[in-house]
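Below you'll find the structure, written out as structure tokens, and then a few comments.
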Amino acid sequence: MGIKWGAFALLLLVGVVFAPAHASQPVCADGSSVHIAQGQVCAAASTRQPDILVYKGLPFAKPPIPANNLRWVAPQPPEAWTTERAATAFGPICPQYDDSSGVVHGAEDCLYLNVWTPKAALAQPRSLPVMVFLYGGSFTSGAGSLASYDGAVLAATGPAVVVTLNYRLGALGFLYADKAPSGARLEPPIPGNLGVMDQQAALRWVEANIAAFGGDPTKVTLFGESAGAMSAGLHHFTIPSSTPLFRATIMESNPMGIRYDGPAQASDNGALFLRLLCGRRVKSANCHPSFAELQAFSLAQVFKAQDAYGLDKILSTPSAGFPQSIQWAPVIDGDLITGQPQDGYGAANIKTPKPYIFGVNADEGTAFAGMTCASFASNHGQINPVPSEAAQCIPAGATSSEMNEQWYDEAMTSLYGAKPAAAITAFRDAGDHRPYDAHTLPGTSYYNAPSQAMAAVSNDDSFVCAGLRAADRSLAQVPGQQVHAYVFAQPPLFDLYKDTGTTACIPANGQVCHADELAFVFNTLTVTATEFNGTLPVPATDRRLAGSMAVAWTRFARDLAPPAPWQPYAATGGFWRWQGTDGAMVPTMNLADKAHCPTLWNKITP
């Protein structure tokens with residue numbers, strides 16, 4: 001299939017490939033029938049929490065399929081039904097690669113959402129807070145039906161109404177194309193940001209229908225992880241049309257340092273994709289697909305072009321491998337999305353303060369560095385044969401690694417420019433060490449010196465310091481803004497990256513990697529440990545920490561503030577450190593100084 005995107009796309013993350021949660025029951029539970037705008041619907045009881053009902057596979061938009069002439073078209077209102085619909089099975093996931101087989105799975109008819117709600121909310125109608133989750137997966141993988149995102153425990157803990165959803169991915173969700181490879185205008189243009197539009201369509205569905213499930217449409221909290229957190233940040237800071245649809249956000253591991261493309265770069269990228277969709281044997285001047293032809297391409301042809309596009313970008317961009325270089329992402333189009341989230345509130349009409357939580361894991365960069373080392377070697381092997389992937393990433397193979405010091409230096413120059421890159425690699429910390437210099441670092445037991453340097457850059461710049469800068473800007477820009485911050489530091493019980501070609505995140509290495517907090521937030525530790533050969537039974541300390549996190553997330557959704565003693569973030573304030581049984585407050589400067597924010601990164605403009 002070419003590039004294994006689940007591994008290479010850096011999982012900005014984590015569309016971790018858990019199996020979808022099993023259907024709860026084959027028939028609807030008593031008392032579960034509700035009426036929504038589309039018709040009558042009934043549900044099954046959750047097997048994890050018997051007092052919770054789960055409504056699966058509810059369509060929030062018309063299928064965006066070629067048969068409807070809706071591929072690469074903004075989401076359209078869903079169709080109604082006349083008989084009661086049994087919402088007991090998840091809808092198809094959006095097309096993406098299966099990491100284990102390299103086969104495309106899912107279907108373009110994928111715009112479905114799922115609702116978990118307490119039975120009591122239907123028996124005696126209530127006005128519960130609503131939590132809408134956006135999954136990660138580098139905008140190329142993931143689904144709202146993954147077992148790791150089962151909302152039953154959160155719904156019971158709140159109590160709350162929990163919603164997960166699917167949105168279009170990869171080229172189908174984030175292609176921006178307004179011109180053909182010849183330069184001629186494409187009519188109609190492909191608007192880009194379709195995956196974000198899908199998210200917004202789901203939020204509009206929630207606004208219209210969630211009261212039927214006991215939820216309050218005026219008390220919606222949008223939360224997500226990685227690419228889902230990036231999406232939540234866009235809706236929060238830079239999408240004016242989303243402002244009325246939610247009142248708060250939680251962003252788990254949002255790499256706020258990423259700068260999104262504007263229309264000019266996105267237009268060039270779109271023309272490249274169309275050329276590859278036409279086929280390399282077709283001359284650019286002859287590649288001007290009509291709207292009908294775009295509908296007629298097979299899904300296999302779309303993914304073949306997506307593979308070729310990704311490889312072209314990798315080979316032409318030395319920085320491929322850093323979070324900043326994800327291949328498919330939203331575009332700052334000036335229409336739907338009005339500015340860079342890192343800059344804080346991006347439009348003059350977004351000045352209503354919305355509380356938010358943002359957080360990072362203790363070792364965010366580790367997974368990216370390890371995965372990239374293996375993937376870089378593997379993908380370059382398509383051009384120049386290389387030794388086994390494992391040998392490329394550990395110190396023993398450092399002298400022959402495709403991912404060497406020269407590659408790292410080129411990547412840094414590509415990302416930051418020559419002068420800033422030189423300042424970064426020459427930077428010395430208080431101990432007179434150079435934490436970002438691939439030429440002087442010793443490497444680790446699980447990857448070489450360039451990967452060690454890349455992990456530090458990714459962690460410190462993209463995640464920690466950029467998140468702090470965005471928080472400081474939002475506090476300064478909007479009177480009354482409230483922010484809470486956390487760092488997740490609980491040692492892992494499992495390795496989410498066991499199939500990605502790196503051993504960097506195995507529990508024995510002690511790295512708290514990207515996405516490790518998700519199983520705690522949703523309290524799906526047992527299913528995660530089972531899937532990823534983790535520690536079973538789950539230790540009591542971890543079970544208690546998961547319970548505490550569920551309380552904090554749902555309390556924030558209810559009260560717009562997590563429970564005491566978690567205090568609001570301020571430039572001189574603190575972070576909540578999730579570690580041990582319940583966590584504790586730690587000073588902000590502990591995190592900022594460790595990441596060298598004031599001494600280096602706040603002075604560097606990517």
Side-chain angles (χ1 to χ4, degrees), residues 1-5 8-10 12 71-73 95-97 104 108 138-141 168-196 227 258-335 337 375-376 379-380 382-383 410-411 414-415:
M1 81 159 197
I3 300 166
K4 291 187 178 179
W5 280 108
F8 184 78
L10 299 182
L12 261 187
R71 176 191 279 168
W72 284 313
V73 173
Q96 59 195 268
Y97 280 124
V104 176
E108 289 186 71
S138 198
F139 299 109
T140 59
S141 66
R168 281 173 283 182
L169 301 164
L172 292 169
F174 294 95
L175 173 65
Y176 179 104
D178 61 353
K179 66 182 180 184
S182 64
R185 182 166 176 78
L186 196 69
E187 291 290 352
I190 297 172
N193 295 322
L194 291 170
V196 176
I258 287 181
R259 307 293 290 187
Y260 298 88
D261 284 343
Q265 183 60 54
S267 178
D268 290 344
N269 291 341
L272 169 61
F273 177 83
L274 292 178
R275 180 176 68 80
L276 297 168
L277 186 61
C278 288
R280 292 186 185 275
R281 295 183 180 180
V282 177
K283 294 181 180 179
S284 294
N286 298 328
C287 178
H288 194 111
S290 66
F291 179 79
E293 288 170 333
L294 288 171
Q295 306 299 309
F297 284 107
S298 70
L299 191 60
Q301 288 174 306
V302 172
F303 269 77
K304 182 179 179 181
Q306 183 171 305
D307 254 4
Y309 170 88
L311 185 58
D312 271 23
K313 297 293 284 182
I314 291 165
L315 298 181
S316 64
T317 310
S319 61
F322 286 81
Q324 290 93 328
S325 60
I326 55 176
Q327 305 300 321
W328 297 100
V331 175
I332 309 299
D333 58 6
D335 182 16
I337 303 177
S375 298
F376 185 85
N379 288 309
H380 277 60
Q382 298 176 55
I383 302 167
E410 290 175 356
S414 174
L415 280 169

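Just so it is clear, the values below take in all heavy atoms, side chains as well, and ignore hydrogens, waters and symmetry mates.
Proximity of a side-chain donor or acceptor of Arg71 to a complementary backbone N or O of Leu172 within less than 3.5 Å is not detected. A distance-only check finds a donor-acceptor pair linking the side chain of Gln301 to the backbone of Ser298 [under 3.5 Å]. Side chain of Gln306 to main chain of Gly170: no donor-acceptor pair is present (N/O by atom type, distance under 3.5 Å, no hydrogens or angles).
Shortest non-hydrogen contact noted between Ala177 and Leu274 is CB-CD1, 4.0 Å. Between Ala180 and Cys287 the shortest heavy-atom distance is CB-O, 3.4 Å. Here the closest non-hydrogen pair linking Gln96 and Leu169 is NE2-CD1, 3.5 Å. Between Pro330 and Val196, the shortest heavy-atom distance links the atoms CG-CG2, 3.9 Å. In terms of heavy-atom proximity, Asp261 sits nearest to Asn269 at OD2-ND2, 3.3 Å. The two residues Pro289 and Leu186 come nearest to each other via the heavy atoms O-CD1, 3.5 Å.
Rounding to the nearest 0.5 Å places NZ of Lys283 at 13.5 Å from OG of Ser182. Between atom CD of residue Gln265 and atom CZ of residue Arg259 there is a gap of 14.5 Å, rounded to the nearest 0.5 Å.
Considering only residues two or more places apart in sequence or on other chains, Asp268 meets the salt bridge (Lys or Arg N to Asp or Glu O under 4.0 Å) condition with Lys179. Residues forming a salt bridge (Lys or Arg N to Asp or Glu O under 4.0 Å) with Arg280 (at least two apart in sequence, or on another chain): Asp312.
Taking the ring centroids of Trp72 and Tyr176, they lie at or beyond the 6.0 Å cut-off.
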Item to check | Audit row: Leu277, Leu294, side chain to side chain contact (heavy atoms under 4.5 Å, CB included) steps and yes/no | outcome: CA-CA 9 Å; Leu277 186 61; Leu294 288 171; 4.0 Å; yes

Next on the checklist: Set out, in order, the CA-CA distance, both residues' side-chain angles and the distance that settles side chain to side chain contact (heavy atoms under 4.5 Å, CB included) for Ile337 and Val331, then state yes or no.
Outcome noted: CA-CA 7 Å; Ile337 303 177; Val331 175; over 6 Å; no

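The side-chain heavy atoms of Glu293 and Gln295, taken from C-beta on, include no pair separated by under 4.5 Å. By the 4.5 Å heavy-atom criterion applied to side chains, Leu194 and Leu175 are not counted as neighbours. Considering only heavy atoms from C-beta on, Val73 stays 4.5 Å or farther from Ile190 through its side chain.
The residue from Trp328, Phe139, Phe273 that alone fulfils the ring-ring contact (aromatic ring centres under 6.0 Å, His included) condition with Phe174 is Phe139.
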